[in-house]
Amino acid sequence: MTGRPEALFPLFADLTGLDGIGPKTAQALIGAGIETPGDLLFTLPHSGVDRRRLETIKGVVPPAVATVEVTVGRHIPARAKGRPYRVEVTDAAMTFQLVFFHAREDWLKKQLPQGAKRLISGKVEIFDGVAQIVHPDHMLPPEEAGEIPAYEPVYPLTAGVTQRVMTRAVRDALDRLPDLAEWIDPALKAREGWPDWGDAVRSVHAPERDGDLSPHAPARQRLAYDEIFAHQLTLALARAKARRQKGVVSKCAGRLQAKVLDALPYGPTEAQTRAVGEIMTDMASPFRMNRLLQGDVGSGKTLVAFMALLTAVEAGGQGVMMAPTEILARQHLESLQPLAEAAGVVLEILTGRDKGTERTAKLAALEKGDIAILVGTHAVFQKGVAFADLRLAVIDEQHRFGVAQRMELGAKGRAPDVLVMTATPIPRSLSLAQYGHMDVSILDEKPPGRKPVKTALVSTGRMEEVIDHLRRAIAEGRQAYWVCPLVEESEVMDMTAAEERFKRLRAALGEGVVGLVHGQLPTAEKDAAMARFVEGDTRVLVATTVIEVGVNVPNASIMVIERAESFGLAQLHQLRGRVGRGDAESTCLLVYQAPLSESGRRRLEILRETEDGFRIAEEDLAMRGAGDVIGTAQSGLPRFRIADLERQAGLMAMAQTDARALLGEDVALEGKRGEAARVLLWLMRQDKAIRLISVA
């Protein structure tokens, strides 16, 4: 199949071919993202109006929609300009008025001749003690009653498009619906009780009650599943292609790993052992590894990554660990140095700071293979950086590195294995949507020795008590972070807030005790301020959220987050994870401004209740929605028309299993169901997937 299947042509035709849609309306729809009859059919009604026939409006509690047959009475023309035109009508039990503003009398007399019967539908209201319907939605002779559905779907509208136009166009598009072969696994479809595709499309546009509009209604679930399945099929094809990429076999007996484990004060968690096993299996295969290591703050990802690097070294190759900033690269170096010494392997760092002869010497040692493991920033991408035999690249914090940079790194070796680490727990449904093309290892246990962080809520009225608490902690030799509020998404405003807080704390706690970092500082100054805090020269670090990712200062045991209600749940959890890394009891003070909104209070209470990042992420998803949780723009998260990731999360895992199983049986999608799945990919505009099949 080289081009779009002919069966789909009607769904990708011009909008202007549809009933009631001229060039102007078509432009308005295209502006709203509806470009074809198919897009129109995937624009589902968001609510409905009950237009079942009543005998009389007598029992109706206004304001409410009613549909009733009436006899038309006298016309009462507008008494003055701008006043309404009224028509008296009588149903089976009472007389009321139809009201029209700016109406043409001759048109109304033609539509509503005195003595005629008419079926009227619209919103009943009371004005000056009289029941009325202003501008009825429908006025039809009784023999045309079939035009009004008992339950009328209401579509999301855009300027220049009315409900009537949408309804007519959808009806016409439904008449062009092709008959398509089934792409869903028959056993799954039967188990879920889902209708056929064509029946599902017709059904979602003809709801009969409010329940039919729910994301859990079978027809809606089926169409949401189609969308998610097409997306997961694309990711599964990308994964299958990546898995067919030849890699280098890196097998080892685990000698170096054993030396490191012997040197550690406690053993790894079960989750760490499981993740290391999954990674070693991947590295020993002849195909290239593409794995995501997802772990909560403090779950011990670094140890797992180091074990993977040792696998590469023991197998005779080299490894590289990339961090997004120089501070993080140096922290990795410090935490890994003792482990490297225990294993007896050479570990070095390369950042933009390396200049002259020192840099030349490092590059020469790397090319000869004398450096086994390199830690660095994106400086390791630069020209002139060559490895003797790069087997594994570990990338910290996925979202900081673009795909192009990962490709450059991949080009440094003979297709090295790739391990991506992220400390952002992502709910399972989202991680499947975002990382479905990768294999995922999850660390969901905390290693021994990590003390829980005590979390307390404090109102801004008690700020002096908070500062007193800090004063006592500093006197005991402890350190603290003070995170300033997020101000209207503006870094400049954030900076001003941080500078003000810095001055006040310096006045309260003394010169030289308080440091400051914010996004507007030049990198060198930011690094210097961080370094002074890491060394313990400053005791309190006032910061905007730049410290969210990765900073490790074991002596810091207090985290104050000012105006905590202005932060998202995931961000608060990340910030809290900066403390609780040493021996001291740690505290996180969430300082809020009263009164709290309902959702603000809920967020802060969840944090007080739990330190489980995955539970927090699920709550965050439920409260904020998928796009916000990971910032849709840069997340690579698909924009679904029908599927609702929050309320249909279960479909994502189902679709991933199904997509991988289908490709397992029919990698080129040439069987009966495979052919149907290709049609689905064309229907859902998954061009990327179609290209992947054509190269398979």
Side-chain angles (χ1 to χ4, degrees), residues 16 18-32 45-149 152-170:
T16 49
L18 292 173
D19 184 16
I21 294 190
K24 208 168 158 194
T25 310
Q27 276 314 113
L29 286 168
I30 288 166
H46 58 65
S47 57
V49 180
D50 187 344
R51 295 199 191 274
R52 275 174 300 195
R53 299 274 290 273
L54 301 174
E55 287 294 308
T56 172
I57 67 165
K58 201 168 187 177
V60 171
V61 180
V65 171
T67 305
V68 63
E69 189 175 309
V70 298
T71 304
V72 180
R74 65 191 178 119
H75 283 232
I76 309 165
R79 283 200 299 274
K81 199 171 163 49
R83 305 285 295 166
Y85 188 108
R86 297 171 186 274
V87 179
E88 277 187 350
V89 294
T90 306
D91 65 21
M94 67 179 283
T95 298
F96 60 98
Q97 293 184 345
L98 307 181
V99 179
F100 303 89
F101 290 88
H102 316 296
R104 293 203 327 273
E105 190 171 340
D106 55 341
W107 181 80
L108 280 171
K109 285 192 162 153
K110 208 163 130 192
Q111 293 295 316
L112 300 165
Q114 198 162 353
K117 295 254 187 269
R118 285 289 181 268
L119 191 66
I120 302 294
S121 186
K123 189 186 278 185
V124 177
E125 296 167 317
I126 300 288
F127 181 73
D128 277 353
V130 178
Q132 61 179 33
I133 293 179
V134 180
H135 290 281
D137 302 321
H138 299 276
M139 302 188 296
L140 297 170
E143 60 273 17
E144 290 174 28
E147 286 284 301
I148 307 179
E152 186 175 48
V154 177
Y155 291 93
L157 292 182
T158 185
V161 185
T162 63
Q163 286 298 341
R164 195 161 294 170
V165 166
M166 282 292 278
T167 306
R168 273 173 65 189
V170 165

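For R74, the salt bridge (charged side-chain N to carboxylate O under 4.0 Å, His left out) criterion is met by E88, not counting sequence neighbours. Under the rule for a ring-ring contact (aromatic ring centres under 6.0 Å, His included), H46 has no partner lying at least two apart in sequence or in another chain.
Taking every heavy atom of both residues into account, I21 and A169 meet most closely at CD1-CB, 3.5 Å. Pairing each heavy atom of P156 with each of M166, the nearest pair is O-CE, 4.1 Å. For E55 against V68, the heavy-atom pair with the smallest separation is O-CG2, 3.4 Å. For the residue pair V60 and P62, the shortest heavy atom distance occurs at O-CD, 3.2 Å. A pairwise comparison of heavy atoms in K58 and A93 identifies CD-CB, 4.2 Å as the closest pair. In this structure, V124 and A66 approach most closely via the heavy-atom pair CG2-CB, 3.7 Å.
Rounding to the nearest 0.5 Å gives a distance of 8.5 Å between NZ of K81 and NE2 of H102. To the nearest 0.5 Å, atom CZ of residue R164 and atom CG of residue D137 are 7.5 Å apart. In this structure, L140 CG and I120 CD1 are separated by 8.0 Å, a value rounded to the nearest 0.5 Å. Between the CD atom in Q97 and the CD1 atom in I76 there is a gap of 5.0 Å [rounded to 0.5 Å]. For the atom pair E69 CD and T90 OG1, the distance stands at 12.5 Å (nearest 0.5 Å). Here the CD-OG1 distance, from Q27 to T16, works out to 10.0 Å after rounding to the nearest 0.5 Å.
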>> Applying side chain to side chain contact (heavy atoms under 4.5 Å, CB included) to V89 and F96, what does each step give before you reach the verdict?
In response: CA-CA 6 Å; V89 294; F96 60 98; 3.6 Å; yes
> Passes side chain to side chain contact (heavy atoms under 4.5 Å, CB included), Q132 versus L98? Steps please.
Replying inline: CA-CA 6 Å; Q132 61 179 33; L98 307 181; over 6 Å; no
> Would E152 and V65 count as a side chain to side chain contact (heavy atoms under 4.5 Å, CB included) if you check the C-alpha gap in whole Å, the side-chain angles of each, and the deciding distance to 0.1 Å?
Replying inline: CA-CA 11 Å; E152 186 175 48; V65 171; over 6 Å; no
> Could you walk me through whether V99 and F127 pass the side chain to side chain contact (heavy atoms under 4.5 Å, CB included) check?
Replying inline: CA-CA 11 Å; V99 179; F127 181 73; over 6 Å; no
List, one per line, each side-chain donor-acceptor pair under 3.5 Å for residues 105-118, sequence neighbours excluded.
| from | atom 1 | to | atom 2 | distance (Å) |
| --- | --- | --- | --- | --- |
| E105 | OE2 | K109 | NZ | 2.9 |
| K117 | NZ | T71 | OG1 | 3.0 |
| R118 | NE | Q111 | O | 2.8 |
| R118 | NH2 | Q111 | O | 3.3 |

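Side-chain contact between P136 and F100: present, with at least one pair of heavy atoms (C-beta onward) separated by less than 4.5 Å. Counting only heavy atoms from C-beta outward, the side chains of F101 and V134 approach each other to under 4.5 Å. The shortest side-chain heavy-atom distance between P45 and V154 does not fall under the 4.5 Å cut-off.
The number of heavy-atom neighbours closer than 6.0 Å to CD of E125, taken from other residues, nucleotides and ligands shown, is above 12.
With 3.5 Å as the limit, one finds no donor-acceptor pair spanning the side chains of T67 and R53. Judged by distance alone, the side chains of T56 and D91 do bring a donor and an acceptor atom under 3.5 Å apart.
Not one N or O on the side chain of H138 forms a donor-acceptor pair closer than 3.5 Å with the backbone of L119.
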